Q: 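Have a look at the structure that comes next, please.
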Amino acid sequence: MIDVKLLRTDLPAVVSNLERRGFSLDTEWYTQQENTRKVLQIKLEDLRRQRNEGSKKVGQIKSQGASPTDLSIHLDHLAQIDQNLEITQKTFRTLEEALDAFYLTVPNLIDADVPDGMDSSQNRELRRVGTLPHYPFTVRDHVAIGEKLGGMSFSEASRIVGTRFVVLKGFLAQLQRALINFMLDIHVQEHGYEEVYVPHLVNRDSLIGTGQLPKFESELFKIAKSADWYLIPTAEVPVTNLARDRIFSRDELPCQWVAHTPCYRSEAGSYGKDLKGMIRQHQFEKVELVCVTTPDRSNDMLERLTAHAEAILAKLELPYRIMLLCAGDTGFGSAKTYDLEVWLPGQNDYREISSCSNFREFQARRMHARWRKGPKDKPEWVHTLNGSALAVGRTLIALLENRQDEGGKISIPEALRPYLGGISHLPEELIRPNQVI
RNA sequence: GGAGAGAUGGCUGAGUGGUCGAAAGCGCUCCCCUGCUAAGGGAGUAAGGGUGAUUAAGCCCUUCGAGGGUUCGAAUCCCUCUCUCUCCGCCA
């Protein structure tokens, strides 16, 4: 949620900032509601004051043993106030609910150093890392590699559930598991994150907290059994909500958490996009970094977090580029986002494999996540950040496509070999099924 | 799934209709005392919001899990829901 006070005091600044995203704020509606709110609230609070004072007096009158007529006159007067109060309260509540609902649909303010632009074509490429591979043969995409190697089955998945799922078997399943462990270990051991295991179902409040609701319900899978349980679309939701309703002391911050979870997305509205293969699935594995920090450090933390995601790509020797998203392409709750895009030879293009964002106070307001500088100080909002490091399914694709040879073998980057029993190439039997005699 | 108990400030925990935004203790902050250490004394210490010159003072409103009800008045009485704990059952 953006700062309500800022809306009240400097509406033009908010409007022009949000225009950079292509979001147009209904100023006429808002101004009118807000002005009414102010008048109504003053009136309401005054009526409540009168009632409180009147009620107190009843107690005094009674204890002083005043005449019954005095008392009934006073009670009549109070009844009138109450009647007025009830009407005012009803109107005020309706108004406030409308305003609250409105606030939840307003995106975050964009950082000043985010470039202008309305869509991904105007994202700014900051740099490229790694050299693109050249092949003296026709490259296969990951689907073709999967077919050749075996162990990647879309047809079986579709029989089990439907489209946009995959079954991985044998060394491909093991490769995915190796990647997860590899990423977690690096973040814990080299980058100083605390590993957390979290629920894969979350309630409405958590999704409102991180900003997926109320606006993006269609992208979520809802559990039929419960009124407000959803499958997580990213570990960001349960992990960031660890900060919900908390007041951190200075020395507890920053919190740096890493979690591996599956992610479930309905991908409504992406029909026809990336239909083939593992690029866009209803279920995929991801290792997510989440940071809760003091405001003065959040700029720095975004750079660090992004560097931590890059470190994984670098260790896996995958070529990538780093993009600074333009205002129009930056997500609803984010003030500034870097995307890491990995090179996919099968697509002859870079594709998103990580997205690292600074949410500043936006999620903290929704979650009531605060911190206190010193014991005497007022609580302030924390800043929250998160980034994928990395999307595991796409990492697996990237490895298959970038490290294939003509015969269809995949070379394993040095850094990953300890996680695969030391082998240098796939396919090789990593762990043989027991022979039953 | 069955039975019971509970939800109060940073924490523990009192509080069954007005004098309660809330005792006491712990923690924390400041001050005093004590030549180290240990200990002692005093004061302060919830959050959100409105108004105010929108980071003043002041005044005011709201909040004792959430929502509704009774009442002139609710932390306190009634109803619904959520969550937590204990015991039994079931279970990876």
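These numbers come from a predicted model, not from an experiment. In what follows, chains carry the letters A, B, and so on, assigned in the order in which the sequence lines appear, proteins first and then strands, with residues in each chain numbered from 1.
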Q: Summarise protein proximity over nucleotides 55-68 of chain B in one line of letters, 5' to 3': B for base, S for sugar-phosphate only, - for none, counting protein heavy atoms closer than 4.0 Å.
A: -----BBS-----S
Q: Could you give the side-chain donor-acceptor pairs of residues 230-241 of chain A under 3.5 Å, partners two or more places apart or in another chain?
A:
| unit_1 | atom_1 | unit_2 | atom_2 | d |
| --- | --- | --- | --- | --- |
| A:Tyr230 | OH | A:Arg204 | NH1 | 3.2 |
| A:Tyr230 | OH | A:Glu217 | OE2 | 2.7 |
| A:Thr234 | OG1 | A:Glu236 | N | 3.0 |
| A:Thr234 | OG1 | A:Lys286 | NZ | 2.9 |
| A:Glu236 | OE2 | A:Gln363 | NE2 | 2.9 |
| A:Glu236 | OE2 | A:Asn386 | ND2 | 3.3 |
| A:Thr240 | OG1 | A:Glu236 | O | 2.6 |
| A:Asn241 | OD1 | A:Arg244 | NE | 3.0 |
| A:Asn241 | OD1 | A:Arg244 | NH2 | 3.0 |
| A:Asn241 | ND2 | A:Ser206 | O | 2.9 |
| A:Asn241 | ND2 | A:Val237 | O | 2.8 |

Q: When you measure from the side chain of A:Pro379, which nucleotide among B:A47, B:U19, B:C72 comes out closest?
A: B:A47
Q: Which pairs pass salt bridge (Lys or Arg N to Asp or Glu O under 4.0 Å) with one or both residues in residues 161-174 of chain A, sequence neighbours excluded?
A: A:Glu156-A:Lys169
Q: Which value, in whole Å, describes the distance between the C1' atoms of nucleotides B:C59 and B:A24?
A: 31 Å
Q: Angle between ring planes, A:His368 versus A:Trp381, binned at 30° and 60°: parallel, tilted or perpendicular?
A: tilted
Q: What is the distance from NZ of A:Lys373 to P of B:U45, rounded to the nearest Å?
A: 22 Å
Q: Using atom C1' of each nucleotide, how far apart are B:A46 and B:C11 to the nearest Å?
A: 13 Å
Q: I'd like to know if A:Arg37 and A:Glu34 make a salt bridge, using a cut-off of under 4.0 Å between side-chain N and carboxylate O.
A: yes
Q: Could I get the full list of ring-ring contact (aromatic ring centres under 6.0 Å, His included) partners for A:Phe165, not counting sequence neighbours?
A: A:His282
Q: In whole Å, measure the gap between the C1' atoms of B:G17 and B:C72 for me.
A: 12 Å
Q: Answer yes when A:Glu414 and A:Lys315 have at least one side-chain N-carboxylate O distance shorter than 4.0 Å, and no when they do not.
A: no
Q: Between B:A66 and B:C33, how far apart are the two C1' atoms, rounded to whole Å?
A: 50 Å
Q: Rounding to a whole Å, what distance do you find between A:Glu34:CD and B:G50:P?
A: 9 Å
Q: Can you pull out the residues from residues 196-207 of chain A that lie within a 4.0 Å heavy-atom distance of RNA chain B?
A: none
Q: Check A:Asp245 with A:Arg370, please: is the shortest side-chain N to carboxylate O separation under 4.0 Å?
A: no
Q: Quick one: A:Leu99 CG to B:G49 P, roughly how many Å, whole number?
A: 15 Å
Q: Could you measure between the two P atoms, the one in B:U45 and the one in B:G6, and give it in whole Å?
A: 33 Å
Q: For B:C91 versus B:G4, give the span between their P atoms, rounded off to a whole number of Å.
A: 24 Å
Q: For RNA chain B, what dot-bracket results from Watson-Crick or G-U pairs at under 3.5 Å, with [ ] for crossers and | for inter-strand partners?
A: ((((((((.[[[..)..(.....]]]((((((.......))))))((((((......)))))).[[[[[..)....]]]]])))))))....
Q: For a quick test of reading the model: is some side-chain N or O of A:Lys378 closer than 4.0 Å to OP1 or OP2 of B:G48?
A: yes
Q: Does any N or O in the side chain of A:Arg394 come within less than 3.5 Å of the main-chain N or O of A:Glu352, such that one atom is a donor and the other an acceptor?
A: yes
Q: Indicate, with a heavy-atom threshold strictly under 4.0 Å, whether A:Arg37 touches base, sugar-phosphate, or nothing.
A: sugar-phosphate
Q: Of all the choices, B:G48, B:G18, B:U54, which nucleotide is nearest to the side chain of A:Lys38 once you look at every atom?
A: B:U54
Q: From CG of A:Asp228 over to P of B:C81, roughly how many Å is that when rounded to an integer?
A: 16 Å
Q: Salt bridge check: are A:Arg93 and A:Glu97 linked by an N-O gap of less than 4.0 Å?
A: no
Q: Quote, to the nearest angstrom, the P distance that separates B:C64 from B:G21.
A: 12 Å
Q: Say you pick atom P in B:A5 and the same atom in B:U80; how far apart are they, in whole Å?
A: 15 Å
Q: Any salt bridge linking A:Arg372 with A:Glu380? Criterion: basic side-chain nitrogen under 4.0 Å from a carboxylate oxygen.
A: no
Q: Side chain of A:Ser55: nearest nucleotide among B:C72, B:G48, B:U54?
A: B:C72
Q: Hey, is NE2 on A:His77 packed in by over 12 heavy atoms from elsewhere, all under 6.0 Å?
A: no
Q: So, for A:Tyr419 and A:Phe182, is the gap between ring centers shorter than 6.0 Å?
A: yes
